[in-house]
Amino acid sequence: LDEGRLTDSQGRTVNFKNTILILTSNLPGGRAGAEAHFRPEFINRLDDIIEFAALGRGELTQIVDLQVARVLDRVRERGIEVVLSADAKTLLGNLGYDPTYGARPLKRVIQKRLVDTLALALLEGSFAAGDRVIVDAKDGELVFEKALGSAPEPEPVAPAALAEAPAAEQPPALPAPDIADAESSS
């Protein structure tokens, strides 16, 4: 570091004299925490230590939205529209947040609970191109249900049709009484 050179395990040397290195850590306590954990020789090589505030609920919600949007874009390329309820996003955020690690576990939770489950359903033939999938949260788990209508442009379902449909066929995010009440008042 003193000479501005770095040699990798293969013997290749990299010149980084005019480089800024940014190191991150989950050590609590800012400078005092770093000094308690690292040797003084390392601490003296650091120009500054910046402690960031913990993530709040608002930031976590934004991270969930960004990560889920990436997944939904990939699935949309296959002609399947996936819609997550607010409860499903909240569940992913709660499961993916750890006070020690912040939102780092979130990507694994989304992979395991959303992506893997959705991929398995696709392989089993539960959903296909043109389907619209509603993802909701029930009893601490994500629930995947095929919605009425098609993915690219779902057709609106008349309130009378919703009222006549059996309960198992109704989309969970659109309860029939709320829709009927809203349309009769407008």
Side-chain angles (χ1 to χ4, degrees), residues 1-129 131 133 135-137 140-144 151:
L1 287 175
D2 290 331
E3 298 172 12
R5 290 184 303 152
L6 176 68
T7 305
D8 68 10
S9 63
Q10 313 242 317
R12 295 178 292 212
T13 302
V14 178
N15 178 343
F16 66 104
K17 285 185 179 180
N18 298 314
T19 303
I20 297 173
L21 298 178
I22 299 175
L23 310 171
T24 62
S25 167
N26 285 329
L27 290 172
R31 177 170 282 283
E35 288 174 351
H37 186 76
F38 295 111
R39 300 180 70 166
E41 296 85 359
F42 177 73
I43 296 294
N44 287 334
R45 292 177 186 271
L46 303 177
D47 290 332
D48 201 359
I49 294 177
I50 301 169
E51 187 173 5
F52 292 94
L55 292 174
R57 179 59 60 189
E59 292 91 4
L60 191 62
T61 301
Q62 290 176 345
I63 294 169
V64 169
D65 288 341
L66 288 171
Q67 293 293 323
V68 166
R70 291 178 183 166
V71 172
L72 300 185
D73 287 343
R74 289 188 353 231
V75 176
R76 194 173 295 116
E77 290 173 1
R78 295 179 161 259
I80 300 170
E81 180 79 20
V82 179
V83 179
L84 267 75
S85 70
D87 289 343
K89 290 179 181 180
T90 299
L91 176 65
L92 289 172
N94 289 341
L95 294 173
Y97 178 75
D98 183 310
T100 304
Y101 299 111
R104 286 190 178 130
L106 181 61
K107 203 168 197 174
R108 286 186 296 276
V109 166
I110 290 172
Q111 179 68 40
K112 181 179 177 187
R113 302 282 179 123
L114 179 63
V115 176
D116 291 354
T117 306
L118 187 57
L120 185 60
L122 290 171
L123 290 172
E124 291 173 343
S126 301
F127 308 118
D131 285 345
V133 180
V135 182
D136 201 4
E141 295 293 328
L142 292 180
V143 179
F144 298 75

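Throughout, numbering of the chain's residues begins at 1 and tracks the sequence. What you see is a predicted model, and the numbers here were worked out from it, not measured in a lab.
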- Message: So does R70 get a backbone contact from the side chain of D73, meaning a donor-acceptor N/O pair under 3.5 Å?
- Response: no
- Message: Is the shortest side-chain heavy-atom distance between L23 and L46 below 4.5 Å?
- Response: yes
- Message: For the CD1 atom of I22 and the OG1 atom of T24, what is their distance to the nearest 0.5 Å?
- Response: 9.5 Å
- Task: Could you pull out the closest heavy-atom pair between S85 and A137, with the gap in Å?
- Result: OG-N, 4.2 Å
- Message: With rounding to the nearest 0.5 angstrom, report the OG1 to CG distance, T13 to D8.
- Response: 7.5 Å
- Begin from the C-alpha positions of L55 and I63 and carry the test side chain to side chain contact (heavy atoms under 4.5 Å, CB included) through to its verdict. CA-CA 10 Å; L55 292 174; I63 294 169; 4.0 Å; yes
- Query: Below 4.5 Å, heavy atoms only, C-beta onward: do L84 and L92 meet side chain to side chain?
  - Reply: yes
- CG of L66 to OG1 of T61: how many Å apart, nearest 0.5 Å? 11.0 Å
- Message: Taking the side chain as everything from C-beta on, heavy atoms only, tell me whether I80 gets closer than 4.5 Å to L122.
- Response: yes
- In Å and rounded to the nearest 0.5 Å, what is the CD to CD distance from Q111 to Q67? 10.5 Å
- Item | I43 versus A34, closest heavy-atom pair with distance | CD1-O, 3.6 Å
- Got a donor-acceptor contact below 3.5 angstrom from the D131 side chain to the V133 backbone? no
- Any chance you could measure I110, atom CD1, to L106, atom CG, to the nearest 0.5 Å? 4.0 Å
- Closest non-hydrogen atom pair between K89 and V64, with its separation: O-CG1, 3.9 Å
- Item | Which atom of V82 lies closest to which atom of V75, heavy atoms considered | CG2-CG1, 3.7 Å
- Query: Can you check whether L27 reaches F38 side chain to side chain, under 4.5 Å on heavy atoms?
  - Reply: yes
- Can you find a heavy atom in the side chain of L142 that is under 4.5 Å from one in the side chain of T117? no
- Item | Atom of A129, atom of R78 and distance for their closest heavy-atom approach | CB-O, 3.5 Å
- Message: Under a 3.5 Å threshold, yes or no: a donor from one side chain and an acceptor from the other, between N94 and R57?
- Response: yes
- Which heavy-atom pair separates Y97 from A103 by the least distance, and what is that distance? CD1-N, 4.4 Å
- Item | Separation of L114 CG from L95 CG (nearest 0.5 Å) | 12.0 Å
